[in-house]
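Treat the numbers as computed from the prediction; the structure is a model and nothing was measured. Labels below follow one simple rule: chain letters A, B, ... track the order of the sequence lines, proteins then strands, and each chain is numbered from 1.
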Number of protein chains: 2
Amino acid sequence: MAAQPRWLDAREDRAWRVYKHAQEQLDSRLRRQLLQDSGLSEAEFRILAMLSEHPTGRVPAGELCSSMGWEKSRLSHLTRRMQEQGLIAREPNPTDARSSLIVLLALGRKTIEDAAPQHVQQVRQDFIDVFTPGELDLIGDLFERLLHHFAEEPDGALDEA
Amino acid sequence: MAAQPRWLDAREDRAWRVYKHAQEQLDSRLRRQLLQDSGLSEAEFRILAMLSEHPTGRVPAGELCSSMGWEKSRLSHLTRRMQEQGLIAREPNPTDARSSLIVLLALGRKTIEDAAPQHVQQVRQDFIDVFTPGELDLIGDLFERLLHHFAEEPDGALDEA
DNA sequence: CCGATTTGGGTGATGCGTCAACCTATGAGA
DNA sequence: TCTCATAGGTTGACGCATCACCCAAATCGG
């Protein structure tokens, strides 16, 4: 099956390679910079950011998982480590004994408030400011199309040729 | 310093969030699918692909590093693991006693030749085919601009506001 | 009310990439 | 030739994400 695949032509190959390469560079730059000036990983940053945007600073774990699109175990490992660092706490959810609430602690709030400005600045410098507003809209449109595509094809569907 | 950063406006924020989210989804889909139907990680796939494209199937480690944009230690760990799996071998480079040659073994060649068609098919399905040829060129142009930007700003340069 | 399934979450092993440190070979200058 | 800086590569510790399970609470069917 699929003995004679359609290889990528020059245009396709170039788009894919360039995209991949740029994406990796961008990722590693932002990761390194964030780590250096705040000691946070991207994942930790996003957790703290989401908690700090929440009015109460107390969010059920499942909600974090689904809004990040993460696996449960990933969040579990991560929150355990963050708890050990004193950034957050985990406490039982009164409305559902299975669930747990992730709680932003004072140190976590301070950490994210210190880290955010520099991180935004980096995102600006390494991504936003490289494009015009129109191009940003375009990027939004194109990658939103990818998201729709993924939503329609739930991962395992390459059989029915 | 940087007490009052320019936060992202609605358009910028949307572009960044959508891009990030789509990129993560795309990555995790391709990684999972590749792993499932060939047992390879993306990194292993790329190494094998590059070796198999090379006429001799013997490439100096440093060359792999620079064309992938990887750190030396990453390649070292990876090639050790691949060697243990019998995919490649490492042998001394006759022209430079410090360097080593990464050699594609028969098992490695078979593995990549089996894996490549399906992987290309996945890249097509999850990326290429979602866009028009014109859009692919556009993506190539936009992300190439990112690469040029990175090349000009060698990582640590956010001081001079 | 009881049994089966589902849901929310946690655990341990494993593979991967980074960082920092290290070692040897090479090459350039005195 | 000697010295010293640099380049190519390796190693070990560590943090992170995934996978495959596991567990208890909730929910649904009867």
Nearest-angstrom distance from the residue atom [atom1] of [X] to [atom2] of [N]:
X: Ile47(B); N: dC16(C); atom1: CD1; atom2: P; result: 12 Å
X: Leu75(B); N: dT18(C); atom1: CG; atom2: P; result: 11 Å
X: Leu34(A); N: dC16(D); atom1: CG; atom2: C1'; result: 14 Å
X: Glu71(B); N: dG8(D); atom1: CD; atom2: P; result: 15 Å
X: Arg80(A); N: dG10(C); atom1: CZ; atom2: C1'; result: 10 Å
X: Glu24(B); N: dC16(D); atom1: CD; atom2: P; result: 15 Å
X: Glu42(A); N: dT18(C); atom1: CD; atom2: P; result: 13 Å
X: Arg29(A); N: dT18(C); atom1: CZ; atom2: P; result: 15 Å

Contact under 4.0 Å: Arg81(B) side-chain N or O vs dG15(C) OP1/OP2: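 Negative; the distance criterion is not met.
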Arg32(B) side chain near dT18(D) phosphate (N/O to OP1/OP2, under 4.0 Å):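 Answer is no, no contact under 4.0 Å.
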Base, sugar-phosphate, or nothing for [X], non-hydrogen atoms under 4.0 angstrom?
X: Arg31(B); result: sugar-phosphate
X: Gln85(B); result: nothing
X: Ser41(A); result: sugar-phosphate

Neighbours of DNA chain D within residues 90-113 of chain A, by heavy-atom distance under 4.0 Å: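 Per residue number, the list reads Asp96(A), Ala97(A), Arg98(A).
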Residue whose nearest DNA chain D nucleotide is more 5′ - Ala43(A) or Gly62(B):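 Here Gly62(B) is the residue nearer the 5' end.
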Residue whose closest nucleotide on DNA chain D lies nearer the 5' end, Lys72(A) versus Glu44(A):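 Nearest nucleotide further toward 5': that of Glu44(A).
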Geometric class of the Phe131(B)/Phe127(B) ring pair [parallel <30°, tilted 30-60°, perpendicular >60°]: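 Perpendicular.
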Plane angle bin for Phe143(A) and Tyr19(B) - parallel if under 30°, tilted between 30 and 60°, otherwise perpendicular: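 Taking Phe143(A) first and then Tyr19(B), their aromatic rings stand perpendicular (interplane angle over 60°).
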Atom CZ of Arg80(B) with >12 non-hydrogen neighbours under 6.0 angstrom: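 It does: Arg80(B) CZ has more than 12 such atoms within range.
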Test: Glu12(B) and Arg124(A) ion pair at under 4.0 Å: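 Between Arg124(A) and Glu12(B) there is a salt bridge, with a charged N closer than 4.0 Å to a carboxylate O.
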Whether Ser76(A) side chain and Lys72(A) backbone form a donor-acceptor pair below 3.5 Å: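 Not a single qualifying donor-acceptor pair exists.
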Polar side-chain contact His77(B)-dT18(C) base: donor and acceptor under 3.5 Å: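 When only heavy-atom distances are counted, His77(B) does reach the base of dT18(C) through a donor-acceptor pair under 3.5 Å.
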Within one Ile-Leu-Val-Met-Phe-Trp-Tyr cluster: Leu87(A) and Met68(A), side-chain cutoff 4.5 Å: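 Yes, because Leu87(A) and Met68(A) connect within a single hydrophobic cluster, where side-chain heavy atoms sit under 4.5 Å apart.
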Non-hydrogen side-chain atoms of Glu135(A) and Arg145(B) separated by less than 4.5 Å: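 Of all side-chain heavy-atom pairs linking Arg145(B) with Glu135(A), at least one is under 4.5 Å.
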